[in-house]
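Letters A, B, ... are given to chains in the order of the sequence lines, protein chains preceding strands, and every chain is numbered from 1. The analysis underlying the following values was restricted to heavy atoms, covering all of them including side chains, and did not include hydrogens, waters or symmetry mates.
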Amino acid sequence: MPELPEVETVANGVNERVRGARIDAVTIGPHKEPLKSTPSHIEETLTGAKIEHVRRVGKTIVMDVKQRNKKPAQATIHLGMTGRLLVSQRDVPVPPHTHVNIHLHDGRDLRFVDPRRFGRVGIVDEGTTYEGPGKEPLTISADDFAALFKNRKIAIKAALLNQSLLHGVGNIYADESLFRAGIRPTRPAGKIKRAELDKLHASLQAVLKHAIKLGGSSVSDYVDADGVRGFFQLEHRVYSRTGEPCLDCGKPIEKIVVGGRSTHFCKHCQK
DNA sequence: CGCGGGCCCTGTGAGC
DNA sequence: TGCTCACAGGGCCCGC
C-alpha cells in the first residue's frame, strides 16, 4: 500500500500515541508469511519492553524498544501493499487479518493488520541497527543521487523503484516525480544527463515533502493512525489519470508497464 | 552481477 | 442484480 509519505505519516502518528508505553504481551496469528522472525523471538523481544520511539526508515516502520537489564532492540514493520498499524482500545473488536497484536499496559492494542499478507514484522539482529537497503530519498545529496544511476541500463523508473538504490520511493511517487522533472520513465537511467538528474532529485524531494504535509496519498482505503485519509491523491498529475488530459499540455496521459508496474506519463511533456 | 518476469495474497470495482 | 476477471501503492526469488 504505502510509500515513503504514507509510511512517514503512519510512523509519526503511531509514535505520538504509543511512545513511552509498556508492552504487557503479544498475540501472534496463525500465518507465517507476515513474520520475518519466529513468533517466540518476537514475543521475547517485545514482552515487558518499553516503546522508546517509532519512526520510518525507507518504507519500513522501526520501533525502538528497551527491556530492563537488556540491550535496546528493534522491531521492523513493513506494510506491504495493504498493511495497517492501528492503535485501538482493547475492547474494540480485533479486525480480520490481524497478524500481530501488541498489548500495551495502558489498555490499548497496537495491531498489525494486513489482508494480502505482503507486509512483514520482524526483529532486528541483536547488536545491529536497522538502516534499510538503500539511500534515504529525502536527505540524499544531488551528487550521491546522480551517482546511483551511473552506467545503469535499466529504465529510470525501474531504478527509482529499486529499494537497494533509494528506499522509500514506490509507484506513485516515481511516476509523479518523473512527470514533474519532464523525464520519460523508459529512458535508460545511465543515459540521463546530470542537469536532468538534478531536476529529478529536486522534484522527487519536493513531491515527497509535499505529500507528507498532506498526510500521504489515499488510494482506496489507506488511512493514518487516527483513521484520517491523506490528500495527496488530489495532487496526482499522472498516477491513475490514464486517458485524462495532461495538466500541462492537454494531451491524454498514457499507461504502459515499466519494471513490471503500471506507469503513467505524458508523451508530449516527458522526453 | 544485473535485469526481467513470475509469483505470493485478498479485496475491490469495472464491465458484462 | 450478480458474477467474473483484471488489477492493486511491494518485493522476493528464479533463471538467463
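- For the OP1/OP2 pair of B/dT10 and a distance below 4.0 Å, the side-chain nitrogens and oxygens of A/His97 include no atom meeting the criterion.
- Side chains of A/Ser217 and A/Tyr173: a donor on one and an acceptor on the other come within 3.5 Å.
- Whole-Å rounding puts the A/Arg116 CZ to B/dC7 C1' distance at 11 Å.
- Listed by residue number, the members of residues 161-170 of chain A with any heavy atom below 4.0 angstrom from DNA chain C are A/Gln163, A/Gly170.
- Across the P atoms, C/dC7 and B/dG5 are found 16 Å apart, a figure rounded to whole Å.
- The residues A/Arg56 and A/Glu136 are annotated as salt-bridged, a charged nitrogen and a carboxylate oxygen being separated by less than 4.0 angstrom.
- Put simply, CZ on A/Phe145 and CD on A/Gln205 are 8.0 Å apart, with the number rounded to the nearest 0.5 Å.
- Across all strands shown, A/Lys255 has heavy atoms under 4.0 Å from sugar-phosphate atoms exclusively, and none from any base.
- Computed from coordinates, the A/Ile256 CD1 to C/dC7 C1' distance equals 17 Å when rounded to whole Å.
- In this model, the phosphate group of C/dA8 is approached by a side-chain N or O of A/Ser262 to a distance below 4.0 Å at OP1 or OP2.
- Atom C1' of nucleotide C/dC12 and atom NZ of A/Lys36 are separated by 10 Å, given to the nearest angstrom.
- Whole-Å rounding puts the A/Phe149 CZ to B/dC3 C1' distance at 16 Å.
- Distance CG (A/Leu160) to P (C/dG11): 14 Å, rounded to an integer number of Å.
- Across all strands shown, the partner of B/dG2 is C/dC16, judged by Watson-Crick or G-U wobble contacts whose two distances both fall under 3.5 Å.
- A salt bridge is absent between A/Arg22 and A/Asp106: the closest approach of a Lys/Arg side-chain nitrogen to an acidic carboxylate oxygen does not fall below 4.0 angstrom.
- The distance from atom CD1 of A/Ile154 to atom P of B/dC1 is 16 Å, rounded to the nearest whole Å.
- In this pair, A/His97 and A/His99 present their aromatic rings tilted. The plane angle is within the 30 to 60° band.
- In this entry the distance linking NZ of A/Lys59 with P of C/dG11 reads 4 Å, nearest Å.
- Of the charged side-chain nitrogens involved, at least one lies within less than 4.0 Å of a carboxylate oxygen, so that A/Lys157 and A/Asp175 count as a salt-bridged pair.
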Apply side-chain hydrogen bond (donor to acceptor under 3.5 Å, both in side chains) to residues A/Ser240 and A/His264 and explain how you reach the verdict.
CA-CA 7 Å; A/Ser240 198; A/His264 314 76; 5.5 Å; no
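- Scanning atom types as modelled, no donor and acceptor separated by under 3.5 angstrom connect the side chain of A/Arg117 and the base of B/dC9.
- Listed nucleotides B/dC8, B/dG11, C/dA8 differ in distance to A/Pro115; the shortest reach to its side chain belongs to B/dG11.
- The residue A/Arg152 sits close only to the backbone: its heavy atoms come under 4.0 Å of sugar-phosphate atoms, none of a base.
- Here, C/dT4 and B/dC9 have their P atoms 22 Å apart, quoted to the whole Å.
- In this structure, A/Asp114 places its CG atom 12 Å from P of B/dC9, rounding to the nearest Å.
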